[in-house]
There are 2 protein chains.
Amino acid sequence: MVLKGGDDTAVRLPKKERQKQLQLFLEAEPFLTDEEMARRFGVSIQTIRLDRMELGIPELRGRIKQMAQKNLDRVRSLSLEEVIGQVVELNLDHSGISVLEIREEHVFARNQIARGHHLFAQANSLAVAVVDAELVLTATASIRFVRPVRLGEKCVAKALVTRQTPHRTQVDVQTVVENETVFQGVFDVYRSKEDK
Amino acid sequence: MVLKGGDDTAVRLPKKERQKQLQLFLEAEPFLTDEEMARRFGVSIQTIRLDRMELGIPELRGRIKQMAQKNLDRVRSLSLEEVIGQVVELNLDHSGISVLEIREEHVFARNQIARGHHLFAQANSLAVAVVDAELVLTATASIRFVRPVRLGEKCVAKALVTRQTPHRTQVDVQTVVENETVFQGVFDVYRSKEDK
DNA sequence: CACATTTTAATACCAAGTACTAATTCAGTA
DNA sequence: TACTGAATTAGTACTTGGTATTAAAATGTG
């Protein structure tokens, strides 16, 4: 009989440790087959499968499918996302409200603070949405980030049309988190061919 | 012998037509198996496989793997994408240049014009990037969209630091497409703990 | 030592294919 | 009408990356 310890890199890890590693591995490289994992840990394929069972990790194909599904959902929601954030009220040519929850993808990894352009995007797309015309484009904007917004906070943007001229509409937008103003902006929006 | 036409919905389509449909189907629902497709077209599974061969469409597993991969790439590039657009030049606390090509996801589906907030995002993230400090946040900005930008155009944003005070930096950004200005903005950026 | 835990092994089976060969059906035409 | 070529269907062997189950071996521990 041969000693098992030396065949790969190191002494075989205890079960717990191996399972912890396994999860990390799969997080980094979700496309690993059981076979490959077994090779890396210097352990039999059945052991890996037992581990997966215990940890509730689905098989390769299941994992891939989940990721693909996520991708699909994203693409679909993106094309639907004509307005950044969710519109909860809209009175054309008058006012509108949208809500945006700050998620991982909106913040700086370093400090969990929302990047300014997401707040801007929410406000800008709402400003454009309230204007009732075929072609609507932002011309100028003057904005102010009043205080930083953090991961998890819900931003409520309120837009109000404040002036109308033949080809321009002025929209004021104020964004609040729990009644505290975090952003405000004045958008001067160009429009043409009334009535979309 | 039985007539083949009536078994499903309609008379069997000619090859060309079926293949066209097949592509559309898979675009909408990429998770269909050959078996399911065969059922829908009222045709044998082999026929579907021949079609896939001719059209160069990979098998189900290949398709979902591709999508999953795309998802992975996106997530990874997103975290790398600290700056929107590609930075081609950067002199800390002085100036910087970034390039952004307007793609499908940046434009209004209706008229192929870039949504303002993408131009803003490019400019804003560049303005933040040129400032050399641990914490950098946009405080206020005054911006102007000079002319609409269309699908496929390459936006070159140039940032220039124009003023420095103990906690504020003013950055002017001008974005051009083929020497024509399309966007300009003045960003007032807050910073703290010099030297990141 | 005896017993439990952990690890391997072995076998049957599955989904969704590929690869290949061969038979059948159909459509148009010489 | 018989023949030909394209299109379709059938059938078999083999592949990947598994599940499910049963059982044997190795290892650890009181």
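Both backbone and side-chain heavy atoms feed into the values below; hydrogens, waters and symmetry mates do not. A note on names: the letters A, B, ... follow the listed sequences, proteins ahead of strands, and every chain is numbered from 1.
The interatomic distance linking B/E35 (CD) with D/dA10 (P) rounds to 13 Å, in whole Å. Rounded to whole Å, the distance from CG on B/L22 to P on D/dT8 is 12 Å. We find that CE of A/M37 is positioned 14 Å from P of D/dG17, with the value rounded to whole Å. Separating the CD atom of A/E59 from the P atom of C/dA16 is a distance of 11 Å, rounded to the nearest angstrom. Following rounding to the nearest Å, A/E36 (CD) and D/dT16 (P) show an atom-to-atom distance of 15 Å. Distance, B/Q19 CD to D/dA6 P: 15 Å, rounded to whole Å. Atom CZ of B/F31 is separated from atom P of C/dA16 by 13 Å (rounded to the nearest Å). Look at NZ on B/K16: it is 13 Å from C1' on D/dA6, rounded to the nearest Å.
Taking the charged nitrogens against the carboxylate oxygens, A/R39 and A/E35 have no contact shorter than 4.0 Å, which rules out a salt bridge.
Applying the ring pair (Phe, Tyr, Trp, His ring centres under 6.0 Å) test to pairs two or more places apart or on separate chains, none has a residue in residues 155-179 of chain A.
The shortest side-chain heavy-atom distance between A/E153 and A/V182 does not fall under the 4.5 Å cut-off.
DNA chain D is contacted by B/S44, B/Q46, B/T47, B/L50 of residues 44-58 of chain B, taking any non-hydrogen atom closer than 4.0 Å.
Aromatic rings of A/F41 and A/F25 (six-membered ring for Trp) have centroids within the 6.0 Å cut-off, being under it.
Taking the six-membered ring where tryptophan is involved, the planes of B/F120 and B/F187 are tilted, since the angle between them lies from 30° to 60°.
Within 3.5 Å, no donor on the side chain of B/R61 pairs with an acceptor on the base of C/dG17, nor the reverse.
Both B/K15 and B/K65 lie near DNA chain D, and the one whose nearest nucleotide falls closer to the 5' end is B/K15.
Nearest heavy atoms, B/F183 versus B/V146: N-CG2, 4.1 Å.
In terms of modelled atom types and a separation under 3.5 Å, the side chain of B/R191 and the main chain of B/A133 share no donor-acceptor contact.
Within the 4.0 angstrom heavy-atom criterion, only backbone atoms of the sugar-phosphate kind lie near A/R18; the bases stay farther away.
Each end of the helix from C/dC1-D/dG30 to C/dA30-D/dT1 gets its own rotation axis from five pairs of C1' atoms, and the angle between them is 10° to the nearest 10 degrees.
The environment of CZ in B/R147 is crowded: more than 12 heavy-atom neighbours from other residues, nucleotides or ligands sit within 6.0 Å.
Grouping the Ile, Leu, Val, Met, Phe, Trp and Tyr side chains by contacts below 4.5 angstrom, directly or via other members, places A/L32 with A/L22.
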